[in-house]
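Since the structure comes first, as C-alpha cells, the remarks are kept for the end.
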Amino acid sequence: MNKIKIISDSSSDLSKEQIEENDIDIDPLCIIMDDKSYLDGIDTDSTEIFKWADANKTTPKTAAITYDRTKEMLEKFKKEGYDILFFCISEDMSTCCNVARMAAEDIEYSDHVYIINSMNLSTGIGLQILYATRLIKEGKTAKEIYDMVNARRDKVRASFVVDTLTYLGRGGRCSTATALLGNTLKLKPEIVVENGKMHVARKYRGSQDKVILKYVNDLKPQLENADPTQVFITHSHASEDVVVKVKEYLEELGIFENITETKASGVISSHCGPGTLGVLFYEK
C-alpha cells in the first residue's frame, strides 16, 4: 500500500488533537503586520492580531504559503516516498494552490502531489481533510482519494456570522461606509461560502449572542439533512457562553457523532474579526 501524507495550509482550522491524531502537516500562510511577515499559528495568533489591529485601526495583510517552505516540505516527503494530498483554501481567495503546484513541479514530483482546491475555507477545508483520512484508512490510493474528495466538495456547508463589519471594511471586503452603517444598525451578516466564494446570505440584527443562536436555529433544515459523522463549531473569540449553547443545541438534535469546537486561524480571524462563529458540516 502506498504511503500517503496529508498537508494542509493553516486556514483549515482543525483542532490540535485532529492534526496530531491523523499526522497532518500544516503549511502556514503569512500575516503581515508593521511590514513584517509572520507565519500563521507559529509566529502569531488571533489574540495578538486583534490587539495589533485595534491599536493600529487597521487589519493585517495576509499572504499565501511561502514557496521555499512549501518546496522544503514536499522534498522531505518525496525522499520518504510519500504520495501527497495537499489541501488549500479556495483558489478564489488565495494563491496557495498555485504555490504548491509550482513547488511540486520544480522538484519534479507533480505526479505524486495531488493539489486539492477545497473551494472553501476554515473547517470547510477541515471536513474534506477528515474525509480523506477515513479513505486512507480504508486503503484507497491517493488518486482515488483526490477524486472522491473533489466529487463531494459541493456538499460542504460553510457559513458564519460576524459580530462587527469593521474587519471586513478594513480589509476591503465591504466599503468603510457600509461597515460604519452596519455597525450603527447592529447588522450581523451571515456569510456563506459557495462555489469557492463568499457572499452575504441572511442579515441579522441585535446582540451577537442572540444572533448566533438564531442563525444556528435557521440552519436546522440543513442540519437535519447532514452527514452525521462530523460538525464543527469554529469561532474567533466568541463568548464561551454562546459556544456552549450552540454545542448544546447541536447535541439536542441527536444527529452528529462528533461535535468539535475549533478556533479560527490567524488568517481567517484577521478577515472576519472577533466574535465570529460558524457551523460547518457536510450535507448528505
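This is a predicted model, so every value here is computed, not measured. What's counted below: heavy atoms across the whole structure, side chains too, no hydrogens, waters or symmetry copies.
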Inset, instruction - Answer yes when Glu252 and Lys247 have at least one side-chain N-carboxylate O distance shorter than 4.0 Å, and no when they do not. - result: no
Legend entry - Glu194: partners by side chain to side chain donor-acceptor pair (under 3.5 Å), with sequence neighbours left out: His199
Legend entry - Intermediate values then yes/no, side-chain hydrogen bond (donor to acceptor under 3.5 Å, both in side chains), Ser90 and Asn120: CA-CA 5 Å; Ser90 172; Asn120 225 294; over 6 Å; no
Legend entry - SB check Arg134 Glu138 (cutoff 4.0 Å): no
Legend entry - Ile26 side, atom CD1; Ile65 side, atom CD1 - distance, nearest 0.5 Å: 11.0 Å
Legend entry - Under-4.0 Å salt bridge between Arg152 and Asp227: yes
Inset, instruction - May I ask you to check whether Ser11 and Asp9 show a side-chain donor-acceptor distance below 3.5 Å? - result: yes
Legend entry - Counterpart residues, side-chain contact (heavy atoms from CB on, under 4.5 Å), relative to Asp154 (two or more places apart): none
Inset, instruction - Apply side chain to side chain donor-acceptor pair (under 3.5 Å) to Thr262 and list each qualifying residue two or more places apart in sequence or on a separate chain. - result: Thr234
Inset, instruction - For this output row, return yes or no: ring centroids of Phe50 and His237 closer than 6.0 angstrom. - result: yes
Legend entry - Basic-acidic side-chain contact under 4.0 Å: Asp83, Lys5: no
Legend entry - Evaluation steps, side chain to side chain contact (heavy atoms under 4.5 Å, CB included), between Val192 and Phe160: CA-CA 7 Å; Val192 175; Phe160 51 95; over 6 Å; no
Hey, can you pull the donor-acceptor pairs under 3.5 Å for the side chains in residues 274-284, sequence neighbours left out?
unit_1: Thr276; atom_1: OG1; unit_2: Cys272; atom_2: O; d: 3.1
unit_1: Thr276; atom_1: OG1; unit_2: Gly273; atom_2: O; d: 3.1
unit_1: Glu283; atom_1: OE1; unit_2: Arg157; atom_2: NE; d: 3.4
unit_1: Glu283; atom_1: OE1; unit_2: Arg157; atom_2: NH2; d: 3.3

Inset, instruction - List for me each residue that meets side chain to side chain donor-acceptor pair (under 3.5 Å) alongside Arg202, sequence neighbours excluded, and say none if there are none. - result: Glu190
Legend entry - side chain to side chain contact (heavy atoms under 4.5 Å, CB included) evaluation trace for Tyr204 with Asp218: CA-CA 11 Å; Tyr204 298 98; Asp218 287 343; 2.7 Å; yes
Inset, instruction - For the pair Tyr114 and Tyr146, name the ring-plane relationship: parallel under 30°, tilted 30 to 60°, perpendicular over 60°. - result: tilted
Inset, instruction - Just jot down the side-chain contact (heavy atoms from CB on, under 4.5 Å) partners of Thr66, sequence neighbours excluded, or say none. - result: Cys30, Arg69
